[in-house]
Asks: 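Handing you a structure now.
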Number of protein chains: 2
Amino acid sequence: MAIPRAAKTLRRTRIQEEKEEQILEAALDVFSARGFRGSTIDQIAEVAGMSKPNLLYYFRTKEAMHRALIDRVLYTWLEPLRAFDAEGNPEEEIRSYIRRKLEMARDFPRESRLFANEVLQGAPHIEDELKGPLKQLVDEKAEVIRAWAKSGKIAECDPYHLIFSIWSTTQHYADFDVQVRAVLGQEHAGDGRFEDAARFLEQLFIGGLRPDTPAT
Amino acid sequence: MAIPRAAKTLRRTRIQEEKEEQILEAALDVFSARGFRGSTIDQIAEVAGMSKPNLLYYFRTKEAMHRALIDRVLYTWLEPLRAFDAEGNPEEEIRSYIRRKLEMARDFPRESRLFANEVLQGAPHIEDELKGPLKQLVDEKAEVIRAWAKSGKIAECDPYHLIFSIWSTTQHYADFDVQVRAVLGQEHAGDGRFEDAARFLEQLFIGGLRPDTPAT
DNA sequence: CGGATATTTGACCGATTGGTAAACATTACA
DNA sequence: TGTAATGTTTACCAATCGGTCAAATATCCG
């Protein structure tokens, strides 16, 4: 007879490792495309290629699946902001932050949409992460930006809204991909739009933050 | 006995007018907060203060409700972009477009989230609107921006990505409101963040598009 | 091998889903 | 005022939801 699932974590077998991986991969597919409430366990099971009860053997509830997925993805997702370096050259730091975020929008759109869905619907499952770790990280980086402005390396500006702007402009290409494609038309079906976006956003942010720019 | 609902639209009574209004208002509440698939007719009925069958007397399906809501809101939603004037002063036009979009994010966050939810999940119900009317409008305005750049009134830049940037940065304050609040903290609970955002975004876009700015 | 443990599945559960049927209540209007 | 059309509700439906259970199967290890 199977051990009660509460004791399952004592030792992790190879199969556990593999199946949980499979499941979370499928869950990312489904949750990112339909949101938590719009997703069903059956859909995830089908994508994962296993039966629903089998899925529920590894994650006892839909919520547990979602939480495990969020936990797993969140750390990676904040990596670019964490890499933001106080010692570096401001212009270059901002430029590479934009580039990194755009690359993530291009290469990990599901992760972007997972969070977008969650935040858009009131962040019922990640409120703590937003108010805790995320806020702390942003506070820290905002201080860096503020110091750059103070020392005249970039224009005086609100660092929080600067960060929000970089988030929104870059993630837009993942979250609103359908709309971007629809507006740009068929000819931008490839990844060219990401290079165009990178060029434009660098121009915008570097130009907009140039120290001699008088605050309006 | 009630007339089959197909014939209902021949003449609209006062009650029809009122109830449909009530329902769409409730539907906006629910759909914008939970997305189409995550919403239930019962929830809308409860918010609207009427029974589910009564709701279904006015809109035969959940889809019909959603479609009516989209139709009703879409035109208004594009108003700011439509107001973008080729004859006006470029700097002032961009500035006031940003301001208008920010005001909409502040005053009509539900409308913003309704579209965000829809687009985020692949725009299954509004693909035609995106590829048709929206694309046409954007194409038209992009041409205006391109002309401004050509005549040296603003910097050379990709007009499409400029428009995307204004959309994303402004709508961010509606769609990701929870996250913005979480990061800014309790002290920005009021509407002050919208003024800060307006100031920053004007600085960013006006500075970033200043004609003497060399494209990087 | 063999038995213990871990994994998988089909059948099933109560609750909720979108939607219907028909009886009942109200309104508009001649 | 009467009656036909409009509006509302109760009771209900089949399908799907998240989740359980016990039996069946696969794997591990001595």
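Naming: A, B, ... by sequence-line order, numbering from 1 per chain.
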Asks: Could you tell me how far apart F36(A) (CZ) and dG18(D) (P) are, to the nearest whole angstrom?
Replies: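 In whole Å, dG18(D) P lies 8 Å from F36(A) CZ.
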
Asks: Any donor-acceptor pair, under 3.5 Å, between the side chain of K62(B) and the base of dG19(C), if you only look at N and O atoms?
Replies: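 No, the side chain and the base share no sub-3.5 Å donor-acceptor pair.
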
Asks: In whole angstroms, how far is the P atom of dT10(D) from the CG atom of D42(B)?
Replies: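 It works out to 14 Å between those atoms.
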
Asks: Please test R34(B) against R113(B) for side-chain contact (heavy atoms from CB on, under 4.5 Å), starting from the C-alpha separation and ending with a verdict.
Replies: CA-CA 9 Å; R34(B) 314 173 72 108; R113(B) 289 192 199 113; over 6 Å; no

Asks: Starting at CG of L56(A) and ending at P of dC12(C), how long is that distance when rounded to a whole Å?
Replies: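 Those two atoms, CG and P, are 19 Å apart.
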
Asks: Is the phosphate of dT7(C), meaning OP1 or OP2, less than 4.0 Å from a side-chain N or O of Q16(A)?
Replies: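 Yes.
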
Asks: P53(A) has a side chain; which of dG18(C), dT20(C), dT9(C) sits nearest to it?
Replies: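 Nearest listed nucleotide: dT9(C).
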
Asks: Rounded to whole Å, please give me the gap between CE in M65(A) and C1' in dG18(D).
Replies: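 Whole-Å distance recorded here is 10 Å.
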
Asks: Grab the CD-P distance between E18(A) and dC28(D) for me, whole Å please.
Replies: 10 Å

Asks: I41(A) side chain: which of dT20(D), dG18(C), dG18(D) is closest?
Replies: dG18(D)

Asks: Could you say whether T61(A) or K19(B) is positioned toward the 5' end of DNA chain D, judged by the nucleotide with the nearest heavy atom to each?
Replies: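 Checking each residue's closest nucleotide, the 5'-ward one belongs to K19(B).
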
Asks: Could you state the atom-to-atom distance from NZ of K52(A) to P of dA11(C) in whole Å?
Replies: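 Computing the K52(A):NZ to dA11(C):P distance gives 14 Å.
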
Asks: Looking across every strand, which nucleic acid part, if any, lies under 4.0 Å from S51(A) by heavy atom: base, sugar-phosphate, or nothing?
Replies: base

Asks: R34(A) CZ to dT16(D) P: how many Å, rounded?
Replies: 13 Å

Asks: Would you say the side chains of D139(A) and Y160(A) form a donor-acceptor pair under 3.5 Å?
Replies: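 There is such a pair between these side chains.
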
Asks: Return the orientation label for the Y97(B) and F84(B) ring planes: parallel under 30°, perpendicular over 60°, tilted otherwise.
Replies: perpendicular

Asks: If a pair satisfies ring pair (Phe, Tyr, Trp, His ring centres under 6.0 Å) and one of its residues is in residues 182-203 of chain A, list it, with sequence neighbours excluded.
Replies: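 Not a single pair qualifies under ring pair (Phe, Tyr, Trp, His ring centres under 6.0 Å).
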
Asks: Report yes if a side-chain nitrogen or oxygen of N54(A) is closer than 4.0 Å to either non-bridging phosphate oxygen (OP1 or OP2) of dT7(C); otherwise report no.
Replies: no

Asks: Using atom CD of E17(A) as one end and atom P of dA6(C) as the other, report the distance to the nearest whole Å.
Replies: 15 Å

Asks: Would you please confirm or rule out a distance under 4.0 Å between OP1 or OP2 of dT20(D) and any side-chain N or O of Y57(A)?
Replies: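 No, Y57(A) has no side-chain N/O under 4.0 Å of OP1/OP2 on dT20(D).
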
Asks: Can L201(B) and H161(A) be said to form a side-chain contact (heavy atoms from CB on, under 4.5 Å), step by step?
Replies: CA-CA 8 Å; L201(B) 290 178; H161(A) 293 282; over 6 Å; no

